[in-house]
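Worksheet for the structure shown next.
Starting from 1, each residue takes its place in the sequence as its number. We use all heavy atoms of the structure for the numbers below, so side chains are in, but hydrogens, waters and symmetry mates are not.
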Amino acid sequence: ALCQFSKPRLAAVRGADKGFTDRMKEARDAFCAGIEQLAAEAVSRPGSQVRRELAASLPILRGLGVYLVFLLLPYGLLLMVQLFWPQAAEAALWFLGNFSSLVTVLLLLALYKLSGRGVRESVGWKPEQVGKGGHMAAFALGICGNLAVSAVLNLLPASWVESYGEQSAQVFGSSMLMNFLTVAVLAPVCEEILFRGLIFRSFREAMPFGWAGVLSALLFGAAHVHPL
């Protein structure tokens with residue numbers, strides 16, 4: 001469209017013997033006006049509006065994609081092992097039961113890196129802005145929060161917490177060291193990277209801070225299934 005618009009005007013300029021400069025200026029002005037008109041029409045078209053809305057929703061879709069990978073990747077890997085290497089299914093089940101969150105985080109961070117996104121920026125890792133005092137305060141707050149939740153659970157009726165206790169018992173294995181590594185180190189760190197890092201920061205690009213926090217918290221709760 002731009003070529004058709006400019007062709008007769010530029011041809012007229014080239015064929016003129018007098019007033020070359022004035023005609024060139026007129027052709028340039030007309031050409032620029034045509035570009036502006038075409039750009040305005042393109043922006044006003046419904047298709048462009050859809051593209052703008054889709055671009056605005058991409059961070060939300062990216063956050064939901066991370067969430068789905070977190071939920072489905074372990075089952076997909078286990079299914080592949082059962083289909084192509086059934087004799088290793090039991091070992092794969094043990095490995096994914098303990099290290100699935102670590103596998104998920106490493107895979108997602110590698111994908112972020114390959115897409116050109118900085119890992120530190122995507123996760124929100126900025127320890128220099130917090131300082132040692134902030135880290136110590138967060139550690140103390142986490143312990144206090146854990147104690148508060150335990151106290152609340154003790155106040156609830158036994159029937160409410162019975163299934164919660166059964167699920168908690170399934171999480172802990174027989175090895176104290178393995179329990180500490182998977183439950184106290186890997187799971188919290190990896191889930192913080194996923195939910196407070198990748199998912200929250202993706203939502204934050206498309207919505208206010210409060211809504212991004214609420215939505216990421218709801219997804220975190222839904223991923224852990226139990227209503228308590």
Would [X] end up clustered with [Y] when hydrophobic side chains under 4.5 Å apart are linked, directly or stepwise?
X      : Y      : value
Leu106 : Val103 : yes
Ile199 : Val214 : no
Met136 : Val189 : no
Leu64  : Leu108 : yes
Leu79  : Tyr75  : no

So how far is it from [X] [atom1] to [Y] [atom2], rounded to the nearest 0.5 Å?
X      : Y      : atom1 : atom2 : result
Leu72  : Thr104 : CG    : OG1   : 10.0 Å
Leu219 : Leu71  : CG    : CG    : 8.5 Å
Gln82  : Leu77  : CD    : CG    : 11.5 Å
Ser216 : Arg201 : OG    : CZ    : 12.0 Å
Phe200 : Leu194 : CZ    : CG    : 15.0 Å
Leu215 : Ser202 : CG    : OG    : 11.0 Å

Exercise: identify the closest heavy-atom pair between Ala92 and Leu78: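 Nearest pair, atom of Ala92 first, then Leu78: CB-CD1, 4.2 Å.
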Steps toward ring pair (Phe, Tyr, Trp, His ring centres under 6.0 Å) verdict (Phe220, Tyr67): CA-CA 9 Å; Phe220 179 83; Tyr67 182 70; 9.8 Å; no
Gln87, CD atom: more than 12 neighbouring heavy atoms under 6.0 Å: yes
Full working for side chain to side chain contact (heavy atoms under 4.5 Å, CB included) between Met80 and Trp85: CA-CA 8 Å; Met80 290 179 59; Trp85 199 11; over 6 Å; no
Any side-chain heavy atom of [X] sitting closer than 4.5 Å to one from [Y]?
X      : Y      : value
Phe99  : Trp94  : yes
Phe203 : Leu198 : no
Asn98  : Leu181 : no

Tyr112/Val66 under side chain to side chain contact (heavy atoms under 4.5 Å, CB included): CA gap, chis, key distance, verdict: CA-CA 11 Å; Tyr112 268 67; Val66 171; 3.8 Å; yes
Charged N-O contact under 4.0 Å between Glu205 and Arg62: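 A salt bridge is present here (some side-chain N lies under 4.0 Å from a carboxylate O).
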